[in-house]
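Working notes, structure below.
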Amino acid sequence: WNDTEFKVRSMYEERYGKSFIPADMTIQDWGITYSELEPYYERFERTAAVSGKAGNLKGARQPGGNVFEAPRINEYALPPLVATQAGDMFRTAATNLGYNPFPAPTANASRAYTNPDGAKFGACQYCGYCERFGCEANAKGSPLHTVIPLALKNPNFELRTHTWVTKVLKDSTGKKVTGVLYTNTNNGEEYEQPAGMVVLCAYAINNVHLMLLSSIGEPYNPDTQRGLVGKNYCYQTGAGATLFFEGRHFNPFMSTGGSNIRMDDFHANFDFDRGKYGFVGGATVGGGMTNGRPISYRPVPGGTPQWGTAWKAATAKWYDSAMQIGSSGSVMANRYNYYDLDPTYKNAFGQPLMRMTFDYKENEHKIGRQIAEVINNIAKSMNPTHMNRAGMRESWTVVPYQSTHNTGGTIMGTSPGNSVVNKHLQSWDCHNLFIMGASVFPHNSAYNPTGPVGALAYRAVDDIKRYVKNPSALV
């Protein structure tokens, strides 16, 4: 992520005017810049064995990489993964149309690697089970074999499994946290854990839930727009086409979750004129294979019966002869997309469940229409036998599962009036409380959240070291 995200409001207002941003779009600058985060991006990438190709080294564009990315100091930790046939076909088609495709950076080790902390990675085996499964080759940048084993070697670290934190505790002033309340889920016993500092790392949604349950900060009200905790929930949008090629064999079972070839011409490219389309943000486009798992992967041309002999024949015919061109689109914050505590339903501990109120707004529809047209034009240029056209997503649904790219709810910013945490991820309300994860994002990019989650966390660690020496507000 670069300054087109971190300075989103100021950059769009400067280029297109203040009236370009709709009144109900509650985007804001993050209070941090790319140059402040760049060293921490690299630190995270080397920890997680990110494979990729730089497109901008110290301001010099690099062929083969993402020429629209912000300047990097060094190359990625590892070279990119091997492209699939589908990825190569997409790369050729996108290049022929004047676009700038590149191998997607991904936390899969393209070769054996030892990270700076000594964690050893095997080379990716392209087994097709990267998504939603563990990695038997230890090629994924998972905390299960990187940061957690490293932490466990330290005598001052303890990992308590089968526990559920239900509340963050405060002192009588409400300006300082004193620990957490948690339950042993094996036997139901409740414990109070005193602490001089609390760091919420409970995933984006659960961070917000704990803040609301602990009455830290004012809950957001979409009608009055007062309060901040729960504000600016965002997801992602997108569109996709499926292409069928008679007689061509893609071997989809030989793939990995991040092995696509992508293009950033309509996202990080700030020279792309959004004015004619009227949207803030954009979308990346990519082609390739992520998996060929035989139960979940069943591509068939449009019009195929959903069951029976004809469906069986079609799924057998096209399993090995289809590919996808997909997109990931940004979602800008809107005053009516938010989290709050459910007034009716409760969890196993008798606490209100988290409630999410969200749907795509006109900005996402405009992005979807524009990028669907781009996808369909690329797809047609590849001359498939059949093609299921891309179309924009009208409305969001939780079914089927799409991703865990949830952001917002404890957003970062420049003051207590516009954010829950400052640029150091430190709570404005309680200076010894820090929040990690995508809940601090004021909006969601077309990129996945992992990179800035890691970079912000590493930066916050350095800030916490300073805080320990002088416990007080860092801003």
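In what follows, residues are counted from 1 in the order of the sequence shown. Here the structure is a predicted model, which is why all the values come from computation and not from measurement.
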**Message:** Does the Lys NZ or Arg CZ of Arg72 fall within the cation-pi geometry relative to Tyr76 - under 6.0 Å from the ring centre and within 45° of the axis?
**Reply:** yes
**Prompt:** With Tyr233, which of Tyr338, Phe441, Tyr339, Tyr220 fulfils ring pair (Phe, Tyr, Trp, His ring centres under 6.0 Å)?
**Reply:** Tyr339
**Prompt:** Is it true that a side-chain atom of Thr47 and a backbone atom of Pro116 form a donor plus acceptor pair closer than 3.5 Å?
**Reply:** no
**Exam field: side chain Ser51 to backbone Asn108, donor-acceptor pair closer than 3.5 Å** = yes
**Request:** Hey, could you give me the CE/CG distance between Met197 and Asn432, rounded to the nearest 0.5 Å?
**Result:** 7.5 Å
**Prompt:** Does Glu75 CD have over 12 foreign heavy atoms under 6.0 Å away?
**Reply:** yes
**Request:** Test Phe358 against Asn406 for side chain to side chain contact (heavy atoms under 4.5 Å, CB included), laying out the working first.
**Result:** CA-CA 11 Å; Phe358 175 76; Asn406 301 283; over 6 Å; no
**Request:** Mark yes or no for whether Arg466, through its side chain, and Asp462, through its backbone, hold a donor-acceptor pair below 3.5 Å.
**Result:** no
**Prompt:** Under 4.5 Å between any side-chain heavy atoms of Asp88 and Thr92, yes or no?
**Reply:** no
**Item:** Pair Glu36-Thr33, side-chain donor/acceptor within less than 3.5 Å
**Value:** yes
**Exam field: side chain Asn66 to backbone Pro105, donor-acceptor pair closer than 3.5 Å** = no
**Prompt:** Is Tyr235 close to Glu364 at the side-chain level, that is, under 4.5 Å between some pair of heavy atoms?
**Reply:** no
**Request:** Determine yes or no for a side-chain-to-main-chain donor-acceptor pair under 3.5 angstrom, with Gln324 supplying the side chain and Ala241 the backbone.
**Result:** no
**Prompt:** Stepwise, does the side chain to side chain donor-acceptor pair (under 3.5 Å) test hold for Asn418 with Thr414?
**Reply:** CA-CA 7 Å; Asn418 66 17; Thr414 56; 3.0 Å; yes
**Complete:** Note: Ala86 and Gly288 closest approach over all heavy atoms is CB-CA, 3.7 Å
**Asked** Would you find a donor on one side and an acceptor on the other, under 3.5 Å apart, between the side chain of Tyr113 and the backbone of Arg46?
**Response** yes
**Prompt:** Do the side chains of Leu210 and Leu200 get nearer than 4.5 Å, heavy atoms only?
**Reply:** yes
**Prompt:** Yes or no on side chain to side chain contact (heavy atoms under 4.5 Å, CB included) for Ile435 and Ser439, after CA distance, side-chain angles and deciding distance?
**Reply:** CA-CA 8 Å; Ile435 303 177; Ser439 62; 3.7 Å; yes
**cation_pi(Arg393, Tyr360) dist<6.0 Å, angle<=45** = no
**Item:** Candidate pair Glu13 and Lys7, rule salt bridge (charged side-chain N to carboxylate O under 4.0 Å, His left out), full reasoning
**Value:** CA-CA 10 Å; Glu13 286 183 350; Lys7 300 179 181 179; over 6 Å; no
**Prompt:** Do the side-chain N and O atoms of Asn207 and Thr410 include a donor-acceptor pair separated by under 3.5 angstrom?
**Reply:** no
**Asked** Centres of the Phe270 and Tyr12 rings: under 6.0 Å?
**Response** yes
**Request:** Check Asp429 against Gly217 and note the closest heavy-atom contact, atom names and distance.
**Result:** OD2-CA, 3.6 Å
**Prompt:** When you check the gap from the basic side-chain N to the acidic O, do Arg459 and Asp463 get nearer than 4.0 Å?
**Reply:** yes
**Prompt:** Can you name the nearest heavy-atom pair linking Val453 to Ala438, along with the distance?
**Reply:** CG2-N, 3.7 Å
**ring pair (Phe, Tyr, Trp, His ring centres under 6.0 Å) assessment of Tyr297 paired with Tyr319** = CA-CA 8 Å; Tyr297 182 74; Tyr319 169 82; 5.6 Å; yes
**Asked** So do Met89 and Phe245 actually touch side chain to side chain, heavy atoms under 4.5 Å?
**Response** yes
**Request:** Please check if any side-chain donor atom of Asn206 sits under 3.5 Å from a side-chain acceptor atom of His209, or the reverse.
**Result:** no
**Test ring pair (Phe, Tyr, Trp, His ring centres under 6.0 Å) applied to Tyr99 and Phe90, Phe266, Phe68, Phe272, the passing residue** = Phe266
**Request:** Indicate yes or no: at least one non-hydrogen side-chain atom of Met354 is less than 4.5 angstrom from one of Val208.
**Result:** yes
**Request:** Verify whether one side chain among Asn291 and Glu131 offers a donor that lies under 3.5 Å from an acceptor in the other.
**Result:** yes
**Residue that, paired with Val67, satisfies side chain to side chain contact (heavy atoms under 4.5 Å, CB included) out of Asn269, Asp265, Asn100, Asp264** = Asn100
**Request:** Go through the side-chain N and O atoms of Thr450 and Asn448 and say whether any donor and acceptor fall under 3.5 Å apart.
**Result:** no
**Asked** Does any N or O in the side chain of Asp3 come within less than 3.5 Å of the main-chain N or O of Phe6, such that one atom is a donor and the other an acceptor?
**Response** no
**Message:** I'd like to check Thr256 versus Thr106 (side-chain heavy atoms, cut-off strictly below 4.5 Å). Are they in contact?
**Reply:** no
**Message:** Met392 vs Gln370, test: side chain to side chain contact (heavy atoms under 4.5 Å, CB included). Steps then yes/no.
**Reply:** CA-CA 8 Å; Met392 76 165 188; Gln370 185 267 337; over 6 Å; no
**Prompt:** Do Asn232 and Thr26 get their side chains close enough for a donor-acceptor pair, meaning under 3.5 Å?
**Reply:** yes
**Message:** I need the minimum non-hydrogen distance between Ile27 and Val280, along with the two atoms involved.
**Reply:** CD1-CG1, 4.2 Å
**Item:** Side-chain heavy-atom pair Arg248, Asp320 within 4.5 angstrom cut-off
**Value:** no
**Message:** Applying side chain to side chain donor-acceptor pair (under 3.5 Å) to Asn74 and Glu42, what does each step give before you reach the verdict?
**Reply:** CA-CA 8 Å; Asn74 297 303; Glu42 180 172 345; 3.0 Å; yes
**Asked** Do other residues, nucleotides or ligands put more than 12 heavy atoms under 6.0 Å from the CE atom of Met11?
**Response** yes
**Message:** Treating Lys140 as the side-chain partner and Cys130 as the backbone partner, does any N or O pair qualify as donor plus acceptor under 3.5 Å?
**Reply:** yes
**Request:** Answer with yes or no whether the side chains of Ser10 and Asp29 bring together a donor and an acceptor at under 3.5 Å.
**Result:** yes
**Message:** Can you give me the closest heavy-atom contact between Ser327 and Arg262, atom names plus distance?
**Reply:** CA-NH2, 4.0 Å
**Asked** Between Tyr467 and His431, how do the two ring planes meet: parallel, tilted or perpendicular, split at 30° and 60°?
**Response** tilted
**Centroid-centroid under 6.0 Å between Phe121 and His145 rings** = yes
**Prompt:** Should Trp318 and Thr242 count as side-chain neighbours, where that means a heavy-atom distance under 4.5 Å?
**Reply:** no
**For the student: nearest non-hydrogen atoms of Asn363 and Met332, plus distance** = ND2-CG, 3.7 Å
**Message:** Distance alone, cut at 3.5 Å: any donor-acceptor contact between the side chains of Glu394 and His365?
**Reply:** no
**Request:** Output, in order, the C-alpha distance, side-chain angles, deciding distance and verdict of side chain to side chain contact (heavy atoms under 4.5 Å, CB included) for Ile464 and Gln426.
**Result:** CA-CA 9 Å; Ile464 288 172; Gln426 179 187 39; over 6 Å; no
**Request:** Can you measure from CZ (Phe102) to CG (Asn260) and round to the nearest 0.5 angstrom?
**Result:** 10.5 Å
**Prompt:** Sub-3.5 Å donor-acceptor pair from the side chain of Ser110 to the main-chain atoms of Pro79, do we have one?
**Reply:** yes
